[in-house]
Amino acid sequence: MSQVEHSEAVVRLFSQHQRWLSGYLMALTGNANDAEDVFQEVCVVMWQEHEKFEIGTNFVSWLSTIAYHQVQKFWRERKNHRNFLRQGILSQISECLTQDVELQESRRQALGHCLKKLAESDRHLVQYRYSDRKITAKAAARELERPIGSVYKALNRIRKTLFECVSRKLNTEGVV
């Protein structure tokens, strides 16, 4: 992978997790303005260090480590908040927030895997119903020229199939 491709991949990953990072920082600072200040610092450090990130590894873990260190720096600079750090609360909050996003990412990847295993007609129906257009089942039935009852039944069957597939995949990988 070229340096440009690597940089683009990191930017894409950051874009995917930018909202999570904002929430993570808000939880660790307790204030939107402070979270925004730390967010800027995280962005600077992330970009300085982005070449060290190995594509294909856990981006959230890498990003949360950078963010956690920036939050620690933030709290160290505010001497009247040292008890917050001493009590280990920051570490516990960080761990909980990071675990949740890792589980969500594992679920998203498992869902992508399971969607590929669906029959083409089922994938097509899922795309119609759950695409960015967010059309109703009724509209999907009309567009696909299918009875609404058959669309509801198919969607229920597909949801059950996907749920079972995702559960099996996560169990196989030891995620849950």
Side-chain angles (χ1 to χ4, degrees), residues 1-118 123 126-127 130-134 162-163 165-176:
M1 176 178 284
S2 74
Q3 195 171 14
V4 170
E5 291 170 326
H6 182 273
S7 296
E8 288 173 355
V10 170
V11 168
R12 275 191 214 91
L13 286 166
F14 180 75
S15 294
Q16 271 182 294
H17 296 93
Q18 182 174 341
R19 213 174 288 154
W20 170 83
L21 177 61
S22 294
Y24 176 84
L25 294 173
M26 180 65 185
L28 296 179
T29 61
N31 176 296
N33 291 329
D34 293 339
E36 181 62 31
D37 291 344
V38 176
F39 183 91
Q40 297 303 322
E41 292 303 314
V42 170
C43 290
V44 169
V45 173
M46 185 206 67
W47 191 248
Q48 290 170 343
E49 303 284 325
H50 83 278
E51 291 176 353
K52 295 178 182 175
F53 176 71
E54 187 178 324
I55 301 297
T57 61
N58 189 328
F59 182 78
V60 169
S61 178
W62 179 76
L63 182 61
S64 67
T65 300
I66 292 170
Y68 181 75
H69 290 297
Q70 292 305 308
V71 170
Q72 283 183 313
K73 179 181 173 188
F74 165 81
W75 283 114
R76 273 193 306 272
E77 290 171 356
R78 282 148 186 84
K79 294 176 182 159
N80 59 339
H81 288 59
R82 286 183 191 246
N83 287 338
F84 191 78
L85 286 176
R86 237 183 264 139
Q87 294 171 359
I89 294 171
L90 186 64
S91 176
Q92 291 173 2
I93 293 170
S94 173
E95 188 176 318
C96 289
L97 293 170
T98 304
Q99 285 175 348
D100 184 51
V101 78
E102 289 173 3
L103 177 59
Q104 293 300 327
E105 181 61 19
S106 294
R107 285 182 178 148
R108 189 189 66 73
Q109 288 177 359
L111 179 60
H113 167 81
C114 294
L115 281 167
K116 290 177 186 172
K117 294 173 74 174
L118 288 176
R123 263 196 321 274
V126 168
Q127 287 171 340
Y130 298 107
S131 70
D132 290 338
R133 294 175 21 203
K134 296 182 182 176
L162 289 172
F163 177 80
C165 178
V166 167
S167 295
R168 272 192 314 275
K169 180 112 175 98
L170 293 177
N171 283 330
T172 301
E173 295 174 356
V175 174
V176 285

Where Glu49 and Trp62 come nearest, the two heavy atoms and their spacing: O-CZ2, 3.5 Å
Relative to the ring of His50, is the ring of Trp47 parallel (under 30°), tilted (30 to 60°) or perpendicular (over 60°)? parallel
When rounded to the nearest 0.5 angstrom, what is the spacing between OH in Tyr68 and NZ in Lys73? 16.0 Å
The reported gap from CD in Glu41 to CG in Leu25 (rounded to nearest 0.5 angstrom) is 11.0 Å
Is the shortest side-chain heavy-atom distance between Asp34 and Phe74 below 4.5 Å? yes
Report yes if some heavy atom in the side chain of Met46 is under 4.5 Å from a heavy atom in the side chain of Phe53; otherwise report no. no
Supply the atom-to-atom distance Asp37 CG to Gln70 CD, rounded to the nearest 0.5 angstrom. 11.5 Å
Side chain proximity check, Leu63 to Phe14, heavy atoms < 4.5 angstrom: yes
To check you understand the geometry: which heavy-atom pair defines the closest contact between Thr29 and Trp75, and what is its length? O-CZ2, 3.6 Å
Looking only at non-hydrogen atoms, find the nearest pair between Leu170 and Ala110 and report the distance. CD2-CB, 4.2 Å
Less than 4.5 Å apart, any side-chain heavy atom of Lys169 and any of Glu173? yes
With a 4.5 Å limit on heavy-atom distance, are the side chains of Val60 and Leu13 in contact? no
Can you tell me how far apart CG (Asn58) and OG (Ser64) are? Round to the nearest 0.5 Å. 7.5 Å
Report the distance from atom CD1 of Ile66 to atom NZ of Lys52, rounding to the nearest 0.5 Å. 9.0 Å
Heavy-atom distance under 4.5 Å between the side chains of Gln3 and His6, does that happen here? no
Residue pair Val71 / Val38: nearest heavy atoms and the distance that separates them: CG2-CG1, 3.9 Å
Straight-line distance of Gln48 CD to Cys43 SG, nearest 0.5 Å: 11.5 Å
